Amino acid sequence: MKRAAASYAERVLKVDHAGENGAVHIYAAQIRVARFTAPDLVQELREFKSHEETHRAIFQAELQRRGVRRCRSYWLCGAGGYVLGLVTALFGRAAIGATTEAVERVVLVHLREQLRALDGHDEEAVLAISRIVADEQAHHDRSAAHAAQGRFWPAVLSPVVAGLTESVILLGMAV
């Protein structure tokens with residue numbers, strides 16, 4: 001494997017790992033608040049959180065296998081994710097759905113771009129990324145259905161959350 005491809009793969013894996021940490025914390029906060037604002041979503045949020053913990057472990061294992069340290073933005077993603085989950089869950093079901101739908105929409109675009117860029121260059125990275133795509137798509141689709149139950153929060157939150165997610169990914173790739 002060429003060094004440039006390895007360097008790109010390592011950056012991608014580090015950022016994906018940090019992003020999964022952010023997602024775990026989004027769901028942790030949403031679970032805490034949804035008990036009051038959308039109690040019927042709590043079990044689904046627990047399921048999503050469990051998936052994200054698995055995804056984080058997949059990327060952690062691949063980073064360890066390569067001897068690569070986690071991304072500098074790891075803790076920022078966790079703290080930011082928690083705040084995002086906490087604030088948006090205060091507004092109920094449609095806001096929770098809109099948040100997850102927006103995050104996953106951006107993440108899926110990046111994951112698919114990563115798979116295309118790494119295909120034929122780093123099969124271990126491709127395998128790690130491929131293992132999470134179906135779960136992320138399911139989170140997106142199920143959350144889009146919840147978001148569709150509202151008009152205001154999805155319209156307000158979707159562009160803001162998508163922009164924040166894109167910014168965090170770009171920041172992670174730069175540091």
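None of these values were measured; they are calculated from a predicted model.
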Could you tell me whether a side-chain N or O of [X] sits under 3.5 Å from a main-chain N or O of [Y], the two making a donor and an acceptor?
{"X": "T100", "Y": "S143", "result": "no"}
{"X": "S167", "Y": "G163", "result": "yes"}
{"X": "R35", "Y": "R32", "result": "yes"}
{"X": "D122", "Y": "A9", "result": "no"}

Tell me, do [X] and [Y] make a side-chain contact under 4.5 Å, heavy atoms counted?
{"X": "V12", "Y": "M173", "answer": "yes"}
{"X": "E113", "Y": "L115", "answer": "no"}
{"X": "L76", "Y": "L171", "answer": "yes"}
{"X": "Q114", "Y": "Y8", "answer": "yes"}
{"X": "D40", "Y": "R93", "answer": "yes"}
{"X": "H25", "Y": "K49", "answer": "no"}

So if you build clusters from Ile, Leu, Val, Met, Phe, Trp, Tyr with side-chain heavy-atom gaps below 4.5 Å, do [X] and [Y] land together?
{"X": "F91", "Y": "V161", "result": "yes"}
{"X": "L41", "Y": "I26", "result": "no"}
{"X": "V133", "Y": "I169", "result": "yes"}
{"X": "V68", "Y": "L118", "result": "yes"}
{"X": "V103", "Y": "V83", "result": "yes"}

How long is the straight-line distance from [atom2] of [Y] back to [atom1] of [X], given to the nearest 0.5 Å?
{"X": "Y74", "Y": "L63", "atom1": "OH", "atom2": "CG", "value": "10.0 Å"}
{"X": "E136", "Y": "H110", "atom1": "CD", "atom2": "NE2", "value": "13.0 Å"}
{"X": "R105", "Y": "D141", "atom1": "CZ", "atom2": "CG", "value": "12.0 Å"}

**Audit row: V15, S73, side-chain contact (heavy atoms from CB on, under 4.5 Å) steps and yes/no** = CA-CA 8 Å; V15 170; S73 67; 5.6 Å; no
**Message:** Go through it in stages, so that I can follow the logic: the residues are I96 and H146, the test is side-chain contact (heavy atoms from CB on, under 4.5 Å), and I'd like the CA-CA distance, side-chain angles, deciding distance and then a yes or no.
**Reply:** CA-CA 8 Å; I96 291 168; H146 301 310; over 6 Å; no
Closest non-hydrogen atom pair between [X] and [Y], with its separation:
{"X": "V156", "Y": "P159", "result": "O-CD, 3.6 Å"}
{"X": "L157", "Y": "A98", "result": "CB-CB, 4.3 Å"}
{"X": "S158", "Y": "A102", "result": "O-CB, 3.6 Å"}
{"X": "L111", "Y": "I129", "result": "CD2-CG2, 3.8 Å"}
{"X": "L13", "Y": "F59", "result": "CD2-CD2, 3.6 Å"}
{"X": "A147", "Y": "P154", "result": "O-CG, 3.0 Å"}

**Request:** Indicate the ring-plane relationship of H139 and H51, choosing parallel, tilted or perpendicular according to the 30° and 60° boundaries.
**Result:** parallel
**Asked** Is any side-chain N of the basic residue among D16 and R56 closer than 4.0 Å to the acidic one's carboxylate O?
**Response** no
**Message:** Between E10 and K14, does any NZ, NE, NH1 or NH2 come within less than 4.0 Å of an OD or OE carboxylate oxygen?
**Reply:** no
**Prompt:** Between the side chains of E52 and H55, does any donor sit under 3.5 Å from an acceptor?
**Reply:** yes
**Request:** For R142, look at atom CZ and say whether over 12 heavy atoms of other residues, nucleotides or ligands are found less than 6.0 Å away.
**Result:** yes
**Asked** Is it true that atom CZ of R65 has more than 12 heavy atoms of other residues, nucleotides or ligands lying nearer than 6.0 Å?
**Response** yes
**Listed partners of E166 passing salt bridge (Lys or Arg N to Asp or Glu O under 4.0 Å), at least two apart** = none
**Qualifying residue, where the test is side chain to side chain donor-acceptor pair (under 3.5 Å) with H17 and the options are Q60, E62, R70** = Q60
**Message:** Test side-chain contact (heavy atoms from CB on, under 4.5 Å) on V126 and H121; report intermediate values, then the result.
**Reply:** CA-CA 9 Å; V126 168; H121 300 287; over 6 Å; no
**Derivation of the side-chain contact (heavy atoms from CB on, under 4.5 Å) call for I132 and E20** = CA-CA 10 Å; I132 75 163; E20 296 301 332; 3.4 Å; yes
